[in-house]
Number of protein chains: 4
Amino acid sequence: MTSSGLFVWEAQNLGKSARTRARLMDAAVQLFARDGFEAASVNEIARVADVANGTFYVHFRDKDEIAAAVAFGIAQGVARQLDDAMADETDALARIGMATRRFIDLASSAPDWGRALFRAVWFFTDLRGSTANYLRADLELGVRQGVITVEVDDFLILTFAAMTMNALFAQLQGEFTTDAGSRVAELQLRMLGAPPETAREVAWREIPRLQLHLTPLHRPAAAPAAE
Amino acid sequence: MTSSGLFVWEAQNLGKSARTRARLMDAAVQLFARDGFEAASVNEIARVADVANGTFYVHFRDKDEIAAAVAFGIAQGVARQLDDAMADETDALARIGMATRRFIDLASSAPDWGRALFRAVWFFTDLRGSTANYLRADLELGVRQGVITVEVDDFLILTFAAMTMNALFAQLQGEFTTDAGSRVAELQLRMLGAPPETAREVAWREIPRLQLHLTPLHRPAAAPAAE
Amino acid sequence: MTSSGLFVWEAQNLGKSARTRARLMDAAVQLFARDGFEAASVNEIARVADVANGTFYVHFRDKDEIAAAVAFGIAQGVARQLDDAMADETDALARIGMATRRFIDLASSAPDWGRALFRAVWFFTDLRGSTANYLRADLELGVRQGVITVEVDDFLILTFAAMTMNALFAQLQGEFTTDAGSRVAELQLRMLGAPPETAREVAWREIPRLQLHLTPLHRPAAAPAAE
Amino acid sequence: MTSSGLFVWEAQNLGKSARTRARLMDAAVQLFARDGFEAASVNEIARVADVANGTFYVHFRDKDEIAAAVAFGIAQGVARQLDDAMADETDALARIGMATRRFIDLASSAPDWGRALFRAVWFFTDLRGSTANYLRADLELGVRQGVITVEVDDFLILTFAAMTMNALFAQLQGEFTTDAGSRVAELQLRMLGAPPETAREVAWREIPRLQLHLTPLHRPAAAPAAE
DNA sequence: CATGAATGAGTTTTCATTCAT
DNA sequence: TATGAATGAAAACTCATTCAT
């Protein structure tokens with residue numbers, strides 16, 4: 001229940017169909033977060049969304065399709081909000097550190113969504129690649145600025161992403177309530193080649209916290225359910 | 001098919017009951033690796049193990065129990081073999097780098113087992129902590145030797161483990177055929193505070209490759225495991 | 001695709017409601033022919049007819065009702081055209097043979113319709129009886145003319161009809177490309193008592209072929225029927 | 001309920017599994033006869049057989065598989081019994097006439113089974129071809145004996161079969177309580193070329209009636225359900 | 001211990017039909 | 001009339017688990 005309703009919020013001015021679709025997506029977020037993708041059943045998604053089970057299939061072909069829609073919606077929202085927040089920053093290390101930290105803040109500010117995102121990333125390997133493009137650009141910037149001394153390739157990016165997702169997981173577990181973002185960012189920066197003091201300074205520097213509020217998710221991508 | 005039958009081999013001199021149990025565990029390894037934990041069905045495990053489905057419940061309370069047994073068995077075997085191989089090494093960075101590299105070699109030398117281990121680690125979060133004790137000892141040794149300049153705590157260990165598992169995954173995917181172990185080890189050592197040249201030297205230094213034929217688990221038995 | 005739109009064509013000068021109804025019937029013909037009565041879904045009929053699914057129920061109480069309307073429509077059209085074509089023939093055997101042959105030609109000239117008719121006859125047993133009245137009249141004429149030497153009753157008529165439908169089926173299957181009409185007509189005439197040579201002559205005598213463009217149903221309209 | 005239990009009767013001395021399988025087949029016969037193949041649901045078959053719905057899938061992959069098993073079982077039983085009854089007859093017309101008449105007697109002596117057979121023949125077109133081989137042999141014998149004056153080919157056989165099935169249908173409807181066999185046989189013999197008096201004599205000659213009792217169906221073909 | 005048939009709750013999916021707009 | 005979202009009952013099928021032998 002925590003932070004549900006984000007899709008519905010977004011859809012409140014759209015048609016009835018869009019609102020039902022959004023209700024289903026919010027329900028799916030909740031259940032994917034709680035039970036994981038495999039364990040969540042279509043019937044329960046419908047039940048939580050408070051629609052008949054058949055209604056699910058009016059909007060989505062199957063569980064995969066709603067999962068993709070949800071994952072895409074979250075990822076898009078997070079990415080957009082991160083983008084906005086970092087528009088002015090030109091220092092590669094700062095950008096990288098802030099992206100990690102803000103991503104974790106954002107995703108853990110709405111735990112259901114964070115968890116759903118976490119599961120989704122695990123499930124849809126594609127998602128990783130696509131999201132990673134932002135990261136790749138910053139890493140290459142760092143190489144040009146001479147502050148990154150490792151080879152930038154897919155393996156590095158996957159490793160970097162794995163570290164970030166692990167930190168998100170830890171924070172969502174509540175095992176490291178507040179600091180997971182800074183801690184992992186510091187480790188990442190060290191790994192990339194930043195001097196220890198720089199890594200520490202960038203990773204712990206005060207930044208305004210972001211909250212996952214909905215404006216970023218402009219539309220759930222009015223995808224055609226039927227075919 | 002490749003590396004099946006390790007549990008059966010281990011059990012070959014034990015009673016009939018132990019051998020049946022081992023057959024089930026080998027079958028489970030195969031199926032967890034191929035389909036994941038949720039998708040593997042008890043009936044199919046029994047079928048692959050070539051026993052009646054009811055027999056499963058003579059040996060395990062439920063699917064969770066066999067999964068735990070398998071995961072524990074693999075982890076223990078891997079740990080034992082790693083231990084043996086590193087008995088003489090006293091340099092902390094070398095120990096740490098070698099452990100990562102050998103773990104990945106080992107786990108990817110028997111892909112079924114590697115994949116099963118990978119899934120299991122994901123499923124049994126506990127497993128991470130327990131295996132991590134070996135790692136913690138080496139990290140603390142590194143601190144005492146003055147070569148590790150980050151704080152050693154649970155978060156660091158989880159991050160370290162996540163990097164390793166990610167590399168294992170990449171290697172199992174075949175995306176990075178041979179080098180995932182060295183690559184991630186180098187990144188880890190940099191992260192911990194090793195100078196870049198040291199990190200590189202340790203991570204890429206020639207070491208004898210291990211194959212997963214653990215002390216009592218010597219090699220793929222000519223096991224029956226029907227198919 | 002071939003011969004769709006006959007109902008729409010017929011309805012082109014009627015009101016909008018009648019045209020929508022006709023569109024639904026044409027769509028139903030297509031789907032009944034392709035999938036059979038049970039497998040054709042109301043939603044798909046509406047989709048093919050390019051109307052909203054709710055619109056279906058404005059025009060028909062349920063699936064049975066549209067099936068009856070379609071079957072009745074086809075049967076009536078076929079009967080009318082047969083009637084017209086045989087107005088001048090007074091010899092009973094010639095009438096009977098020609099009716100069978102022309103029915104098969106007609107129904108197989110528009111395969112969708114033939115198949116739909118075939119299914120419908122199977123489904124609505126009534127249809128058989130009603131259509132059979134034409135046949136009964138000719139058979140009784142044959143008795144009066146002394147050329148039919150079996151008892152004319154419902155059983156004979158059903159048997160006769162079964163033979164005809166079987167021939168239609170064979171021809172629609174493409175197993176007997178052109179001759180199913182003549183072949184079955186010859187067998188029927190023999191059965192009724194015609195001397196073998198007469199049966200053969202009548203059944204294979206040249207007759208102008210009919211095509212299913214019934215009096216008000218002239219030809220495939222450039223109908224919208226989406227898909 | 002009428003004539004059920006034939007498969008069970010047959011299986012009564014076999015193992016428990018075979019008996020359950022037989023119960024399911026008997027239930028299927030009943031429901032296919034009453035509702036047709038499409039309308040009969042797996043759950044209801046299981047309910048009538050008095051087993052849990054899951055049990056169905058222990059024995060049959062799906063509805064198609066049980067339908068095939070049932071159809072094959074019936075057809076085999078009928079064919080065997082017909083064979084036995086006609087072993088001594090050498091006159092082609094007599095064989096043909098008796099086969100038709102006895103087939104109808106047999107199939108309508110156990111109405112459920114007759115109806116199920118009827119549906120099955122319609123559904124599994126293959127069945128027609130295979131059963132038709134007996135018929136073809138007799139027809140060719142008739143040609144050699146000079147009593148059949150039409151060409152013997154697939155079309156003739158299908159027509160012949162259609163007439164027989166139609167007669168069975170009529171008799172099962174109760175519209176022609178007792179005589180459908182003789183009536184259709186007479187028509188068939190006329191069609192083939194027998195002189196009217198011969199056709200009549202052969203078709204109405206007294207013959208001992210057969211009843212569908214079960215010995216003929218030796219085993220439900222211990223087919224492997226699982227795979 | 002081992003067997004394997006049987007269970008039945010639970011899952012996905014379809015579809016005729018209704019109803020507010 | 002026409003729309004199309006929503007419904008919910010029912011169908012096919014799966015699978016962890018039990019139990020009599």
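Numbers restart at 1 for each chain; the letters A, B, ... are given by sequence-line order, proteins then strands.
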- Item | Pair assignment for E:dC15, Watson-Crick or G-U wobble, requiring both distances under 3.5 Å | F:dG8

- To the nearest 0.5 Å, how far apart are CZ in C:Phe56 and CZ in C:Arg21? 10.0 Å

- Note on the structure: To the nearest angstrom, the CZ-P distance between C:Arg47 and E:dA16 comes to 13 Å

- Message: Less than 4.0 angstrom between a side-chain N/O of A:Thr20 and OP1 or OP2 of F:dA6, yes or no?
- Response: yes

- Determine the Euclidean distance between corresponding C1' atoms of F:dT21 and E:dC1; express it in Å to zero decimal places. 13 Å

- Query: Considering only side-chain heavy atoms of B:Val58, which listed nucleotide, F:dA11, F:dA6, E:dT3, is closest?
  - Reply: E:dT3

- Reported CZ-to-CG distance for the pair C:Phe7 and C:Leu24, which is rounded to 0.5 angstrom: 11.5 Å

- For atom CG of B:Asp50 and atom C1' of E:dG4, their distance in whole Å: 13 Å

- Pairwise 5' ranking along DNA chain E for A:Asn53 and C:Asp62, keeping only the more 5' one: A:Asn53

- Task: Counting heavy atoms from C-beta on, name the nucleotide in F:dA16, E:dT3, F:dA5 closest to the side chain of A:Ser17.
- Result: F:dA5

- Can you tell me if the side-chain N/O atoms of D:Lys63 get under 4.0 Å from OP1 or OP2 in F:dA12? yes

- Note on the structure: Taking for C:Val51 and for D:Ser41 the nucleotide of DNA chain F with the nearest heavy atom, the one nearer the 5' end belongs to C:Val51

- Interatomic distance where CZ belongs to C:Phe56 and P belongs to E:dT17 [whole Å]: 8 Å

- Message: Using 0.5 Å steps for rounding, measure from the OG atom of C:Ser41 to the CG atom of C:Leu31.
- Response: 7.5 Å

- Task: Mind checking C:Ala40 for me? I need base, sugar-phosphate or nothing, with any heavy atom below 4.0 Å counting as a touch.
- Result: sugar-phosphate

- Message: Distance check needed: E:dT11 P versus A:Leu31 CG, whole Å only.
- Response: 11 Å

- Note on the structure: note: A:Asn43, atom CG; F:dA11, atom C1'; distance rounded to Å ~ 13 Å

- Check every atom of F:dA16, E:dA5, F:dA5 against the side chain of A:Lys16 and return the nucleotide holding the closest atom. F:dA5

- Task: Round to a whole Å and report the spacing from CD of D:Glu38 to P of F:dA12.
- Result: 11 Å

- Note on the structure: Taken to the nearest whole Å, CD/C:Glu44 to C1'/E:dT14 is 12 Å

- Could you check which nucleotide pairs with E:dT21 in any of the strands shown, counting Watson-Crick or G-U wobble with both distances under 3.5 Å? F:dA2

- Message: Between C1' on E:dG10 and CG on A:Asp35, what's the gap in Å once rounded to a whole number?
- Response: 14 Å

- Query: Taking only side-chain nitrogens and oxygens of A:Tyr57, does any of them come within less than 4.0 Å of OP1 or OP2 of E:dT13?
  - Reply: yes

- Kindly indicate, with the supporting measurements, whether the criterion side chain to side chain contact (heavy atoms under 4.5 Å, CB included) is fulfilled by A:Phe37 and A:Asp64. CA-CA 9 Å; A:Phe37 174 71; A:Asp64 281 10; 3.3 Å; yes

- Message: Using a strict threshold of under 4.0 Å (side-chain N to carboxylate O), is an ion pair present between B:Arg119 and B:Glu38?
- Response: no

- Whichever of B:Arg21 and A:Thr55 has the more 5' nearest nucleotide on DNA chain E, that residue is B:Arg21

- Task: Would you indicate what B:Val42 reaches in the nucleic acid, counting non-hydrogen atoms under 4.0 angstrom: base, sugar-phosphate, or nothing?
- Result: base

- Could you walk me through whether C:Arg19 and C:Glu10 pass salt bridge (charged side-chain N to carboxylate O under 4.0 Å, His left out), step by step? CA-CA 9 Å; C:Arg19 291 202 308 279; C:Glu10 194 174 4; over 6 Å; no

